[in-house]
Structures are given as C-alpha cells and as structure tokens.
Amino acid sequence: MHYSRLLSITGVALTGGSLLLPFVTFPSQGDVNGIDGDAWPILILLGPVLLLAVLGDRREGLRTPAAIISILLSCAAVIFAVAKLIDAARAADEAGGSVGLGSWAILIAAVVTVGASLTTLSRRVG
C-alpha cells in the first residue's frame, strides 16, 4: 500500500480516537470529550479522505483530481480543528477550567492527514 494512503488512514483513525479524549476540563462539570463538545463533524470532512485512501489501486498514490479533493477536505478539517481548539480555550478560560489533550490531538491528527494528502502528489514517495 502506498505510504500516503497508510498515513491518511492513520490520520483519520487518530482523529476519530481523539474525539474520545477530554477537550475541556471544568472544575464543576468535569471532562467534556470531543463528541459532547461537538467536534464530531470533522469526521464528515475526513470521511471522503478515508474513502479515497481505501479505494482504487492502493499501490499508487491518488490521481491528481482525487488528491486535490483530499487536500482541500483535509485543510478544511485543520481549520475546523483550530476553531474547536479556540472554542475549548475560550470555554476553559471563562469557567476556570483547562484545555484537554483531545483538543490538541485532533489538530495534530488533522495536520497528519493534510501531510498524507500532500505526499500523495509525490511520485518519489512509495
């Protein structure tokens, strides 16, 4: 399997896993994970990226049109992850809580997916 496809699958899996981690910890309410914090729509953006990584000739990278779609969706996921990180930081600041690991993990996983989408354009990788 092409490295970019494996990296895309890993990035999407890490994004899904990070939704289970605490995004914000409040002193009175406790932990709020990504699902309760409404970060799950990121999987709607990354679902097609996963689908493109799994379908087709898996020994090669994506063709240019599919790669561009994958890059655009991954970049939109990064923007969404940044927005959720800012949202978590504001909520923690207002309530005297702290930003959890999930907010950072979802951003890192989305960036990994962007990197995977970009490496699929290189014919030297693989």
[X]-[Y] co-clustered via ILVMFWY side chain contacts under 4.5 Å:
{"X": "Leu55", "Y": "Ile9", "result": "no"}
{"X": "Leu43", "Y": "Leu14", "result": "no"}
{"X": "Leu19", "Y": "Ile44", "result": "yes"}
{"X": "Val54", "Y": "Val12", "result": "yes"}
{"X": "Leu20", "Y": "Leu50", "result": "yes"}

Problem set entry | By side-chain hydrogen bond (donor to acceptor under 3.5 Å, both in side chains) - contacts of Asp87 (at least two apart) | Lys84

Exercise. Of all residues at least two apart in sequence or in a different chain, which pass the side-chain hydrogen bond (donor to acceptor under 3.5 Å, both in side chains) check with Ser74?
Worked result: Ser117

Exercise. Does any pair with a residue in residues 45-54 pass side chain to side chain donor-acceptor pair (under 3.5 Å), and if so which ones, sequence neighbours excluded?
Worked result: none

Within a strict 4.5 Å, meaning less than it, do heavy atoms of the [X] and [Y] side chains meet?
{"X": "Pro48", "Y": "Ile69", "answer": "no"}
{"X": "Leu107", "Y": "Val82", "answer": "yes"}
{"X": "Val99", "Y": "Trp104", "answer": "yes"}
{"X": "Leu62", "Y": "Arg5", "answer": "yes"}
{"X": "Ile71", "Y": "Leu121", "answer": "yes"}
{"X": "Asp36", "Y": "Asn33", "answer": "yes"}

Contact summary for [X] and [Y], nearest pair of heavy atoms:
{"X": "Ala39", "Y": "Phe80", "result": "O-CE2, 3.5 Å"}
{"X": "Thr119", "Y": "Ala116", "result": "OG1-O, 2.9 Å"}
{"X": "Ser18", "Y": "Ala105", "result": "CB-CB, 3.7 Å"}
{"X": "Ile42", "Y": "Ala81", "result": "CD1-CB, 4.1 Å"}
{"X": "Ala110", "Y": "Thr15", "result": "N-OG1, 4.0 Å"}
{"X": "Val32", "Y": "Gly37", "result": "CG1-N, 3.9 Å"}

For this session: Tell me who clusters with Leu72, hydrophobic residues only, linked when side chains sit under 4.5 Å apart either directly or through other members.
Result: Ile68

Exercise. Which pairs with one or both residues in residues 104-121 pass salt bridge (charged side-chain N to carboxylate O under 4.0 Å, His left out), sequence neighbours excluded?
Worked result: none

Side-chain donor/acceptor pairs under 3.5 Å, residues 21-30, sequence neighbours excluded:
{"unit_1": "Thr25", "atom_1": "OG1", "unit_2": "Asp31", "atom_2": "OD1", "d": "2.8"}

Exercise. Would you find a donor on one side and an acceptor on the other, under 3.5 Å apart, between the side chain of Ser70 and the backbone of Ala66?
Worked result: no

Exercise. Is a donor on one side and an acceptor on the other found under 3.5 Å between the side chain of Thr113 and the backbone of Ala109?
Worked result: yes

